[in-house]
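Worksheet: the structure to be examined is printed underneath.
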Amino acid sequence: MANATRVRFCPSPTGNPHVGLVRTALFNWAFARHQQGTLVFRIEDTDAARDSEESYRQLLDAMRWLGFDWDEGPEVGGPHAPYRQSQRMDVYRDVARKLLAAGRAYHCYCSTEELDARREAARAAGKPSGYDGHCRDLTEERAEAYRAEGRQPIVRFRMPDRAITFTDLVRGEITYQPENVPDYGIVRANGAPLYTLVNPVDDALMEITHVLRGEDLLSSTPRQIALYEALIDLQLATRVPEFAHLPYVMGEGNKKLSKRDPQSSLNLYRERGFLPEGLLNYLSLLGWSLSADRDIFSIEEMVAAFDIADVNPNPARFDLKKAEAINADHIRQLDPKTFTEACEPWLNAPYAPWAPEDFDRAAFEEIAPHAQTRLTVLSDITANVDFLFLPEPVEDEASWKKAMKEGSDALLATARTRLAALDGETWKAEELKAAVLAAGEEHGLKLGKAQAPVRVAVTGRTVGLPLFESLEVLGKPRTLARIDAALAKLGGA
Ligand code: GLU
Ligand code: ZN
């Protein structure tokens with residue numbers, strides 16, 4: 001049975017989903033699930049100039065990929081439908097009318113130029129530079145005169161003339177003085193409701209109990225609390241929700257990670273082959289931790305332990321290397337079948353460099369366990385197994401130069417002879433290793449040194465999966481043919 005906790009995730013569909021947004025979704029989702037409460041997914045698409053249908057689709061797709069479910073929202077419905085603000089305009093207009101009628105909001109006729117000029121003057125005089133209340137108590141004559149001039153008013157919310165204090169669940173008690181929270185616009189001159197109105201109105205009507213969101217929205221909280229109080233007086237809301245502001249995420253150079261940062265793009269992580277569980281594990285650490293000595297955990301463990309009071313208010317540093325290391329750990333934890341399935345997208349166009357008909361599933365499944373323990377991201381799978389499916393090893397001059405030293409031709413020739421003696425039951429990693437080891441000894445080389453030219457001859461690369469397991473799967477004819485080709489190239493050089 002769900003308890004009364006109701007939280008919401010309410011992104012605006014602008015641009016591609018980014019990691020900051022995913023972190024907010026994650027904390028809301030984990031909070032809701034921990035409390036066995038309700039997660040409302042709402043789309044804040046009131047900015048027709050910036051919102052797009054494509055971005056809306058991407059948001060839904062991202063939520064599904066991450067494995068988040070929601071109890072009310074798009075494609076799910078619920079008692080407060082619709083959950084797209086663009087479909088709720090009548091609701092907001094009605095609330096704005098009621099606020100005006102009750103004197104909790106008023107028409108403001110000031111032009112942008114007038115507002116700018118007065119702001120400058122206030123600033124010059126060292127006074128607070130927010131809206132100065134010019135239209136708060138206009139007489140009807142004055143308002144009529146403005147209208148006669150053709151001015152179209154905006155609707156402004158009347159802030160109370162007192163301090164607003166609330167207890168942020170992450171930051172503790174916070175107080176805003178009235179001079180720092182001026183009256184603010186809630187409906188544009190063209191009648192379009194603004195985010196400042198629709199966001200708290202929906203939180204009120206959707207009976208949200210906890211607002212968890214980024215610190216960038218902290219300064220809008222006193223305005224929203226005042227609006228809530230007005231809605232309570234109008235019997236449109238029953239309570240002010242609790243607020244919790246999640247810490248900033250800092251990127252390179254200790255600057256706030258911006259949506260435009262390439263490191264922010266969720267699509268990038270998906271295309272590189274982060275597992276959703278790896279990415280979520282990492283993102284949870286941006287402000288939270290399971291325990292001081294454990295960085296790797298499952299989403300279920302996070303849900304079981306999640307308490308908003310444990311969130312650290314200090315800025316969190318985004319660390320791609322750490323994200324990758326955590327992801328690698330999650331890759332290692334997959335069962336083999338899930339691992340090969342997870343690789344599937346990268347085994348095909350446009351990622352895979354080989355022709356589809358050259359792909360050999362049995363060979364892939366044989367080599368996969370060796371790859372699983374070594375991948376940081378799933379997209380690395382192609383470079384690790386391409387030697388099996390490309391007709392020739394990749395050409396990489398730098399690797400060739402690095403591995404092929406003086407005497408490499410002699411070593412390769414000896415290795416070829418020894419490898420050629422193996423077959424069938426003896427074409428196995430252990431025997432293959434013994435053969436190359438023995439070849440190396442003949443030339444006074446340790447295994448590592450003897451292995452390098454063989455690896456480059458066969459795979460084209462200096463690093464890769466364990467060599468002898470690779471040769472075993474590649475098979476004798478192709479292994480020998482590649483060594484022959486390398487010998488020819490060395491001889492011809
Ligand atoms: N739609 C807002 C945003 O994308 C959400 C604000 C909130 O969580 O209150 O930033
Ligand atoms: Zn005004």
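The first residue of the sequence shown is numbered 1, and numbering continues consecutively from there. Indexing begins at 1, ligand by ligand and atom by atom, following the structure's order. Hydrogens, waters and symmetry mates play no part in the numbers below; they use all other heavy atoms, side chains included.
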Compile the donor-acceptor pairs under 3.5 Å between side chains in residues 218-226 and protein atoms, sequence neighbours left out, one pair per line.
unit_1	atom_1	unit_2	atom_2	d
Ser220	OG	Leu217	O	2.7
Thr221	OG1	Arg213	NH2	2.9
Thr221	OG1	Leu218	O	3.0
Thr221	OG1	His245	NE2	3.1
Gln224	OE1	Arg213	NH1	3.0
Gln224	OE1	Arg213	NH2	3.0
Gln224	NE2	Asn199	OD1	3.3

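- With a heavy-atom cut-off of 4.0 Å, Leu217 touches ligand 1 through its side chain alone.
- Checking Glu301 against Ser298 by side-chain atom types alone, a donor-acceptor pair falls below 3.5 Å.
- Using cut-offs of 30° and 60° for the angle between ring planes, the Trp288 and Phe297 rings count as perpendicular.
- Two residues are said to be in side-chain contact when any heavy atoms from C-beta on lie closer than 4.5 Å; Asp47 and Tyr195 fail this criterion.
- Side-chain N/O atoms of Asn16 and Ser265 include no donor and acceptor closer than 3.5 Å.
- Taking atom 5 (C) of ligand 1 as the reference point, the nearest protein heavy-atom neighbour is Cys10 O, 3.3 Å.
- Ring to ring, Tyr282 and Phe274 are not that close: their centroids are 6.0 angstrom or more apart.
- Regarding atom 6 (C) of ligand 1, its nearest protein heavy-atom neighbour is Tyr195 OH, 3.1 Å.
- Residue Asn199 touches ligand 1 through its side chain alone, judged by heavy-atom distances below 4.0 Å.
- The shortest contact between atom 1 (N) of ligand 1 and any protein heavy atom is with Glu44 OE1, 2.6 Å.
- In summary, the side chains of Thr338 and Asp335 do present a donor paired with an acceptor at a separation below 3.5 Å, with no hydrogens or angles considered.
- Considering CZ of Arg42 and CD1 of Ile208, their distance stands at 6.5 Å, rounded to 0.5 Å.
- Shortest contact from atom 3 (C) of ligand 1 to any protein heavy atom: Ser12 OG, 4.1 Å.
- Protein N/O/S atoms found under 2.8 Å from the Zn ion (ligand 2): Cys108 SG, Cys110 SG, Tyr131 OH, Cys135 SG.
- Counting only N and O atoms by type, the side chains of Asp307 and His34 include no donor and acceptor under 3.5 Å apart.
- Using a 4.0 Å cut-off to heavy atoms of Arg8, the atoms of ligand 1 that qualify are 7 (C), 8 (O), 9 (O).
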